[in-house]
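Encoded as structure tokens, the structure appears first; notes follow it.
Since the structure is predicted, the reported quantities are computational estimates derived from the model, not experimental observations. Every number for a ligand or one of its atoms is a count from 1 in the order of the listing.
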Amino acid sequence: MGRIPEDIINEIRDRADMLQVVGDYVQLKKAGANYKACCPFHSEKTPSFNVNPAQGFFKCFGCGEGGNIFTFLMKIEGWSFPEAVQHLAKRVGVDVPETSDEESEAARRKAQARALYHDILETARRWYERQLWQGEDPVGRDYLAERGIDEETARAFGLGYAPNAWTEVLSYLGTRKINAELVERAGLAIRGGRSGFYDRFRGRVMFPVIDIWGKTLAFGGRRVFDDDEKAGAKYINSPETRFYRKGSELYGLAATKQGIRSAGHAVLVEGNFDVIALHAQGIRNAVSPMGTALTERQVKLLSRYSKHVFVAFDGDDAGRAAVIKSLPALVRQGFDARVVEMPPGEDPDSFVRGRGMEAWERALGQARPIVAYALDEVMGRVEGAPIEVRVQALSEAGELLEHVTEEIAWRHYAQEVSRRLEIPLKQLGGYLKHPERLREQERRERQARRQQVAAAMGQDPAPRRPEARPEAPRRPEAGQEPQESARHDAPLPEFLSAPELRVQPKPLPIAEARLLQVLSDLPGRLVEFVDENGCRLLSDERLVVLIERVYAQHLETERPPEYARLAEEFSQEHGDPDLFSQVSALLCAERPYNDETIERTYSEIVITLQLGWLEQEERALLEIERSVVPGSQEEMDALIRRQETIKLRRELDLQYQRKRQRATG
Ligand SMILES: [Zn+2]
């Protein structure tokens, strides 16, 4: 057993739609030939993450991450290369032979354990689903019917039913050669009882937690025998396992992600059942945090599909408290989050059922920004209250406002607090921290971290901002070079330490860099360029090698030219990441031309390159002509070269004239 064969990897790469795969994680917007989004690998507000679908490549100009579709999945999902290949292969319908690869034994075992885990849960999910629709016990079906959940909706979410017995799922999985210990580790059984293990979920409607790849990760179970106290809590969930963390997924996202995209917003509800009930009534963009307080990870997950969310929690004290708890994660990640207030005792399901869609739309229209809502909740109790209550409210308001980093918004809310307390804003300074002060604090913390890292690496931390230096500027000691100290004290310009420049010791000349972009956008021009000996016009040797390789590969395999992949190969061969890093950056960068001007840009680049070449050639020829022996072979060669330069000079002059005529005529 060896590595996954190259041609299979290529086939998967060809068949996979990079925009679709990456689009599951970020919201891509078209920008010329490329697509842009906010980077999933670092936090940012303006997009610097670029995807070039034609080359199957991504690059972030903010944090420097870049690579192909496999690297993307490895980074974002934490998969190994074979795992990324396997997942993608399944998605595009390519068979991959079992391989051992060269990855470590431990990584391989982990991947196997993970695959087995998902397999067990998926097998169980299908069985639960069969129990719901074909099982003898109608309780699950009846329960859904009573709640107005039709079969189509239930199937869209893969709902199932766990019979009210002790070892049903255990014995079914046993017939599939999955022993009780594995079932327990997958979270479906509990150790104990007469037979050693018993089913965790009994007499419950089952809500599988499915990720965007369609894999079953866990279950939630709703008790259906309401009168039976012994049946345990109303809702129970799978425990955390090696491959499932609570708060890492949003319930329903796999089924509603398209709905969220097309609506342009999501509806965040408290429970799994709300998601399904709303879906049955035609609201197909709801998700739920599954009974936990909304986590940063869940918000990040949601932000891939939309940053607009309506929070519609239940109209009770617990619901209102949960809204306030979900505020920090939503505000910190720049969400436009609005709160839809449910009348007391109602949840979104009962609301839509009882009052209809128009009332629901109206409620969305009246939804308030989450910060305004939370402040109102906190400050609502201060009027006429004793001073202790007012101070408590003030400190809670201060905590809320710490998440508002937008200056104008912060000022607006701070004034609101001051107005309601009837205390001037100036006197509230100790409680309400101004965003600038928060930023300053963050800056100091960042600086301290940087110094720790630098100290650990035995380097001078060389702070970037003079005001952030912890100690006073040193005076040059006796015998010390004065420049030394001057260099340390001068602030470094920000761009010098920008990561994307650090790996570019020799940037490609601008015309050659542009040529690479244009050639990659105009695949038809490559053959012509190389056949007409265009490579001699290039000054960067690496680029010449790359273009010739792309050309050869293109003719040999009849696949589209693969600049990024071959640049990666080149860089690996030479142990020098520079070319690859430049090429991937160029391919993903914004273009200075569009579909209409690209051909003109191409010819302008070629003319610029020709002019550059011509000048060099003429200089070199002058040198030679000055020293050659008349009548020698050298003189002949120089003459031929001279004729070539004359011919090119004439051509360029002609082109220049034509261009001028076009411009004036
Ligand atoms: Zn980034």
Side-chain angles (χ1 to χ4, degrees), residues 16-81 84 88 212 248 261 295-307 329-335 405 439 442-443 445-447 449-450 453 464 492-504 507 513 517 520 563-565 567-568 571 577-591:
D17 181 342
M18 180 125 188
L19 292 180
Q20 232 177 51
V21 172
V22 177
D24 264 343
Y25 299 89
V26 291
Q27 288 187 71
L28 292 165
K29 287 211 178 72
K30 199 162 167 37
N34 291 341
Y35 288 77
K36 266 180 174 259
C38 282
C39 180
F41 302 112
H42 81 281
S43 103
E44 61 177 3
K45 289 207 171 111
T46 47
S48 47
F49 176 84
N50 291 264
V51 178
N52 179 324
Q55 290 289 317
F57 230 74
F58 75 95
K59 174 85 189 170
C60 172
F61 293 99
C63 65
E65 286 288 3
N68 59 29
I69 195 162
F70 300 115
T71 0
F72 179 83
L73 290 173
M74 287 159 70
K75 277 179 182 139
I76 204 153
E77 291 284 0
W79 290 336
S80 67
F81 178 70
L88 210 50
I212 54 163
S248 63
R261 278 261 163 87
T295 63
E296 295 270 349
R297 220 190 123 119
Q298 288 169 327
V299 174
K300 194 137 207 165
L301 191 60
L302 185 56
S303 74
R304 297 172 185 175
Y305 303 96
S306 178
K307 281 197 151 189
L330 287 168
V331 174
R332 258 206 301 276
Q333 293 193 33
F335 264 72
T405 51
R439 272 197 288 275
E442 265 173 34
R443 213 160 26 226
E445 281 166 11
R446 256 205 315 274
Q447 173 67 18
R449 270 201 302 277
R450 214 170 19 232
V453 171
R464 288 199 256 173
L492 275 175
E494 193 90 21
F495 68 82
L496 277 182
S497 49
E500 65 270 31
L501 286 178
R502 218 178 270 156
V503 291
Q504 297 180 11
Q517 288 181 324
S520 79
Y563 295 91
R565 198 169 71 74
E568 189 174 15
S571 279
D578 178 50
L579 181 74
F580 175 52
S581 131
Q582 287 197 57
V583 168
S584 54
L586 283 169
L587 293 176
C588 293
E590 229 168 277
R591 308 291 201 255

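Closest approach of Arg591 to Leu586, counting heavy atoms only: NH1-O, 3.0 Å. Closest approach of Ala589 to Gln517, counting heavy atoms only: CB-NE2, 3.8 Å.
Of all protein N/O/S atoms, those under 2.8 Å from the Zn ion (ligand 1) are Cys39 SG, His42 ND1, Cys60 SG, Cys63 SG, and waters are not counted.
Residue Lys30 qualifies as enclosed at atom NZ: its count of foreign heavy atoms under 6.0 Å is above 12.
Phe335 is linked by a ring pair (Phe, Tyr, Trp, His ring centres under 6.0 Å) to nothing, counting only residues two or more places apart in sequence or in another chain.
Side-chain polar atoms of Ser581 and Asp578 form no donor-acceptor pair below 3.5 angstrom. Between the side chains of Asp24 and Gln20, no donor N or O sits under 3.5 Å from an acceptor N or O.
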